[in-house]
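Scroll down for the structure; my scribbles are underneath it.
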Amino acid sequence: MAKAKYNLQRVFRKLVLDFQRCSLIPSMYRYKVLKLAGIKIHGKPFIGQDVIFDSMAPENIEIEDGARITMRSIILTHFYNPNGQEKYPIGKVHIGRFAFIGANSVICKPVSIGDYSTVAAGAVVTKDIPPRQIWGGYQPAS
């Protein structure tokens, strides 16, 4: 079994992303720590406790001002592609202004979540959500 090789930048990002999950950091300041990991953050979004961000390419995550990502959500920039040549393609995740991501939601594909949109608790997001929409449950890929 081959051992995974991580460069120093990825190790640093992983440490920062793990640190931000700790409950000692108030949610209203968590975004400042996430900037150190390379996540593009505009304004002051709310990042809840125990949110998991992808450590493979956190620089491909962009969060706009006023967005609210609640506890235990997972945001991934890569996914498994059984049909493609590249098994783990990496894409961008964009969370719009004042978007709301409910607890335990999973964003598991490169997507854009529109301004003022709501993702219900426990939803699995696999395709773009237009602005001012409310989505919940599992939305299968087209």
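- Taking 4.5 Å as the limit, every side-chain heavy atom of His42 sits out of range of all side-chain heavy atoms of Arg97.
- Taking both residues in full, the closest heavy atoms of Arg13 and Pro58 are given as CD-CG, 3.5 Å, listed atom of the first, atom of the second, then distance.
- Side chains of Arg72 and Gln49 form no contact here, defined as non-hydrogen atoms less than 4.5 Å apart.
- The heavy-atom pair separating Pro110 from Asp128 by the smallest distance is O-OD1, 4.5 Å.
- A side chain to side chain contact (heavy atoms under 4.5 Å, CB included) with Phe53 is found for exactly one of Ile47, Val93, Asp18, namely Ile47.
- Within the 4.5 Å cutoff, no side-chain heavy atoms of Val51 are placed close to those of Ile101.
- Taking CG from Asn60 and NE2 from His78, the interatomic distance works out to 12.0 Å, rounded to the nearest 0.5 Å.
- For Lys40, the NZ atom sits in a packed shell: over 12 heavy atoms of surrounding residues, nucleotides or ligands are nearer than 6.0 Å.
- Between Trp135 and Pro130, some side-chain heavy-atom pair lies under the 4.5 Å cut-off.
- In this structure the side chain of Asp50 never reaches within 4.5 angstrom of the side chain of Met71, judged on heavy atoms.
- Checking side-chain atoms of Ser105 against main-chain N and O of Ala120 turns up a donor-acceptor pair under 3.5 Å.
- Counting heavy atoms from C-beta on, the side chains of Ile63 and Ile39 come closer than 4.5 Å.
- The closest side-chain heavy-atom distance from Ile52 to Ile75 is not below 4.5 Å.
- Within 6.0 Å of atom CG in Leu15, more than 12 heavy atoms from other residues, nucleotides or ligands are found, so the atom counts as buried in its surroundings.
- Side-chain atoms of Thr70 come within 3.5 Å of backbone N or O of Ala103 as a donor-acceptor pair.
- For Thr126 against Lys109, the heavy-atom pair with the smallest separation is O-CD, 3.5 Å.
- Heavy atoms of other residues, nucleotides or ligands lying less than 6.0 angstrom from NZ of Lys44 number 12 at most.
- A donor-acceptor pair under 3.5 Å is absent between the side-chain atoms of Thr118 and the main chain of Phe100, judged by distance alone.
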Evaluate the criterion side chain to side chain contact (heavy atoms under 4.5 Å, CB included) for residue pair Ile129 and Val119; output intermediate values, then yes/no.
CA-CA 9 Å; Ile129 298 176; Val119 175; 3.6 Å; yes
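- Of the candidates Val33, Leu36, Leu34, Leu34 is the only one forming a side chain to side chain contact (heavy atoms under 4.5 Å, CB included) with Leu17.
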Before you tell me yes or no, could you show the steps for Ser73 and Asn104 under side chain to side chain contact (heavy atoms under 4.5 Å, CB included), namely the whole-Å CA-CA distance, both residues' side-chain angles and the distance that decides it to 0.1 Å?
CA-CA 4 Å; Ser73 294; Asn104 295 311; over 6 Å; no
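- Between the side chain of Arg68 and the backbone N or O of Pro45, no donor-acceptor pair lies under 3.5 Å.
- Annotation: side chain of Arg10 is in contact with side chain of Ser55 (closest heavy-atom distance under 4.5 Å).
- Summarising the geometry, atom CD1 belonging to Ile25 is positioned 12.0 Å from atom NZ belonging to Lys32; distances are rounded to the nearest 0.5 Å.
- Criterion: ILVMFWY side-chain heavy atoms under 4.5 Å apart, direct or through other members. Under it, Ile61 and Val125 are part of a common hydrophobic cluster.
- One side chain, Thr77 or Asp54, offers a donor N or O that lies under 3.5 Å from an acceptor on the other.
- Hydrophobic clustering places Val111 together with Ile95 (ILVMFWY residues linked when any side-chain heavy atoms are closer than 4.5 Å, directly or through intermediates).
- In this structure, Ile113 is a member of the same hydrophobic cluster as Ile41, with clusters built from ILVMFWY side-chain heavy atoms closer than 4.5 Å.
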